[in-house]
Amino acid sequence: MIQVRNLRVDYDEVCAVHDLSLDIGPGEIYGLIGPNGAGKTSTLRALVGLVEATYGDIVIGGFDLDHDREQAVGLIGFMPDSAPVYDDLTVWEFLDLFAEAYRIPFARRGQAIDQYLRLVDLTEKRHAMTGGLSRGMKQRLMLAKTLLPDPQVLLLDEPASGVDPNGRALLKQILRDLGHAGKTIIISSHILSELSEFCTSVGVMQKGELVVGGTVAEVATRVMGRAKIILEVVGATDGAARVLAADARVSAPAWQGAVCEFAFEGEAEQASELLAALVTAGVRVAAFSREKEDLEALFLKIGAREVS
Amino acid sequence: MTFAELIFANPLLIKHVRSRLRRQQLIPFIVVIVLICGCILWGVSVTQTFKDGAAFTCLLFVQGALLLLVGTSEVASAVAGAKHSGTLDFHRISPQSPVATAVGFILGAPIREWVLFLVTLPFALVAAFMGPPGVDGLIITILVLIPSALLFHTLAALGGAASARLRGAGSWVTVLVIILHAGSPLQSGLFTIIPTVTKLMNPKTDLPIRDSFFGLALPVAVLSLLHIIPVLVLLFLAAVRKMKSDFIPVYSKMQSVAFQGVIAGLALGDVVGLRVDDAPGLAGLITIYAMVLAAVLLSWGVTPDAGAFAKGVRRARKLGLPASPVWSDWAANWAPLGLFCGITIVAGLWAGIPDAVARLGGLTLTHLIAPLMVGVATVMCFGSAKQFFALRYRKAGMTYFGLFLFIAWIMPIIIGSLLEISRDTFVGKASHVPQIINALSPAVGIAFAGSPDTMAETTVSLVVATLLALVFVALSVRAEQQAIADAGAGPAKTDVAA
């Protein structure tokens, strides 16, 4: 759905995005991670044509952004990190303005606006001036505006910033539903712990380059190193210690009483094989937990510029 | 999109109608305007000055204040606000065309002022009926006032879209409106309503403008429209470009050349047939000054900064080209600069040769060629210096360029004027030194070069202007080569705020 090849974006003397290539399929929810200044916003703005790329090819839904700009941009809904609104319009008028701009037929317009107001829980505010809304409400209004033309591709830049916990839960639910509905979503956010559940893949940007990309588990493994497993046994620990020592994928086991924490190189399937081996060897396993890939930790690690 | 859709189904226009014509805001304004207009008519009636046109003039002042001052300011702040908040980006990525966005702002932002203008019309009709300029005069006035207001609104939209800061965006347009209406110097007054109204109120008035175009005598209103409409179209094109993207110059290089061509047409139309006994070569001089001023302003807009230039080089390399195509927005300004000079030469000769030929013996072709050469050298110097400072010193370049202009163009005038007023103390009554120093600046040098009795000043002006042009052309070529080499070296820094 989204193909980017060798994208480069320059601002004056600064290179914001350097030779970035991406392939995002239909229905994928792609998390763009990186510290401030990594080039996430520049990438999103280049994808929607708001920043003219120095060079590079961007194809959205089969339409080249350079040659078929109108068709390509027509597929995209873009939500910037700030929530710019016309303060002198009511919520309903604001959405109507963009419904008209997106040429939604007049007969369907009112219904569509009401539907998205309901979706973002702003029905009660339909006659309120947008200038009087809280930041979180403006952010939700922005989401409604973005969804109004029913875009196939959603580019969301920090959509959860300034949104209260209830709003975040609502946003999470909406994004999950959109993913299920087959929309392709690129989302850049700092609140990754909440989004990690439904990001099908992530890309990590640093200094304008995509340093690593893939599924959350792949990226976590590459960035965080080996996954951590916590094993708790009942009774003697020597049987478990022997099994762990025999498995090449296990390293640095640290026992504290009946609990052992060790690094494990492998995905969920390999971890289940290890558990089976322990049980077969007669180890009485009380707990076996594989620490879930945590995008928040991943983000912190990237923020600390530890990605090699 | 049809014209009707552009107006009646324009989302931004509808947006402004909604936000600026809310009953609770509009009605108080209407009441105020009705009271003001009523007071004007009542006051004029009491003083019995209808026949002097006092009521019409006062009402026109109210209309002008509404449309030209408040309306202009509204457009500038609406566009700048949309740009800086980011809402303009939403329009850029919607299927709405940049033309519709520009029309939406230009007609929509001052919609309240247009409604209030309509409110004043019945009062203006009464005033026009009771005294000069009559009802037909009122119609002519409106026919010029509306395009004139649209011209300044379009300029304000452009100012707002190009503004670096939200605060005070487009305030220069308001200042320009005031200057043009207060002073109306020469033909530039034709962009305002002032000459038309002055002539309507008193047909015998001698205006400080020529009422002919390419030698054809025309009513002042027609002359005004002849000046306003082409410039309005060109400004609208620029506004549309800025609505399309923030990252492109106001004009493409081709458009800037077309603009210079239009200015040449207007300047020639105004001066053809102009012959003043006491001012030989005046037609040529006026044209040269107009062309140089236009070229300076336009070359400012089409000169890429170091970042844009490097971007062009990188993109060209990716496409297998050695450098950006000469007409690309990211290419150095040589192509338009060359054509600005060419158009200046053609226009200067066209305007000046008939006068020079008619005065053979009193004025020679040299007195046309010399100011023309100074003018062309000035255009070349300005354009190449701007390009050089931008490429060589990057962000600091504009400061150095400003310093250069101050030293080379302004300081000679200041020093020359000081020497002139203290002539007895420093240089003596007969000395040419003050004029020679003045002539170092092309702002004065062009005029000196066209005068028959100023050989020394002409020589100084010609030599300095040509020398500076040659130096900066050479420096600019070197800076361009260096910038091309630097752009190939790859990215230096990669940290930007997201």
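Lettering follows sequence order; numbering is per chain, from 1. This is a predicted model, so every value here is computed, not measured.
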Practice prompt. Under 4.5 Å heavy-atom distance to chain A, tell me which part of B:Ile93 shows up: side chain, backbone, both or neither.
Written response: both

Worksheet item: Which atoms of A:Ala53 come close to chain B, meaning under 4.5 Å heavy atom to heavy atom: side chain ones, backbone ones, both, or neither?
Response: backbone

Worksheet entry | Residue B:Asp305 versus chain A: region with a heavy atom under 4.5 Å | side chain

Worksheet item: More than 12 foreign heavy atoms under 6.0 Å from CD of B:Glu5: is that the case here?
Response: yes

Worksheet item: Which bit of B:Phe90 is near chain A, if near means a heavy-atom gap under 4.5 Å: side chain, backbone, both or neither?
Response: both

Discussion item. Measuring from atom CD of A:Glu100 to atom CG of B:Leu12, what distance do you get when rounded to the nearest 0.5 angstrom?
Written reply: 10.5 Å

Worksheet item: For A:Met79, is it the side chain, the backbone, both or neither that has a heavy atom under 4.5 Å from a heavy atom of chain B?
Response: neither

Worksheet entry | Beyond-backbone contact of B:Trp330 with A:Thr54, side-chain heavy atoms, under 4.5 angstrom | no

Fill in: Spatial distance of atom CZ (B:Arg18) from atom CH2 (A:Trp92) [nearest 0.5 Å]
5.5 Å

Fill in: Side-chain heavy-atom pair A:Asp88, B:Arg22 within 4.5 angstrom cut-off
no

Item to complete: Show your reasoning for whether side-chain contact (heavy atoms from CB on, under 4.5 Å) applies to B:His91 and A:Leu97.
Response: CA-CA 10 Å; B:His91 298 291; A:Leu97 163 67; 4.3 Å; yes

Worksheet item: How about A:Arg5: does its CZ atom have over 12 heavy atoms from other parts shown lying under 6.0 Å from it?
Response: yes

Practice prompt. Could you tell me whether A:Tyr55 atom OH has more than 12 heavy atoms of other residues or ligands within 6.0 Å of it?
Written response: yes

Worksheet entry | Choice from B:Ala9, B:Ser245, B:Ala308, B:Ser19 maximising heavy atom contacts with chain A below 4.5 Å | B:Ser19

Discussion item. For A:Lys183, is the NZ atom crowded, meaning more than 12 foreign heavy atoms sit under 6.0 Å from it?
Written reply: yes

Practice prompt. Sort B:Lys311 into side chain, backbone, both or neither according to what part of it lies under 4.5 angstrom from a heavy atom of chain A.
Written response: both

Item to complete: First locate atom NZ of B:Lys318, then atom CG of A:Asp19, and finally report the distance between them rounded to the nearest 0.5 Å.
Response: 5.0 Å

Worksheet, complete the sentence: Minimal heavy-atom distance between A:Pro84 and B:Ser85, with the atoms involved, is CB-O, 2.9 Å

Worksheet item: Based on non-hydrogen pairs under 4.5 Å, which of B:Ala306, B:Pro95, B:Gly307 is most in contact with chain A?
Response: B:Pro95

Worksheet item: Within a strict 4.5 Å, meaning less than it, do heavy atoms of the B:Gln96 and A:Tyr102 side chains meet?
Response: no

Worksheet entry | A:Val85 versus chain B, the contacting section by heavy-atom distance below 4.5 Å | backbone

Discussion item. Are there over 12 heavy-atom neighbours, none belonging to A:Phe106, within less than 6.0 Å of that residue's CZ?
Written reply: no

Worksheet item: Near A:Arg109 CZ, under 6.0 Å, is it more than 12 heavy atoms from other residues, nucleotides or ligands?
Response: yes

Fill in: Spacing of A:Leu89 atom CG and B:Ile14 atom CD1 [to the nearest 0.5 Å]
11.5 Å

Practice prompt. Check whether B:Leu319 gets within reach of chain A through its side chain, its backbone, both or neither, counting any heavy atom under 4.5 Å.
Written response: neither

Item to complete: Below 4.5 Å from any heavy atom of chain B, which atoms of A:Tyr86 appear? Answer side chain, backbone, both or neither.
Response: both

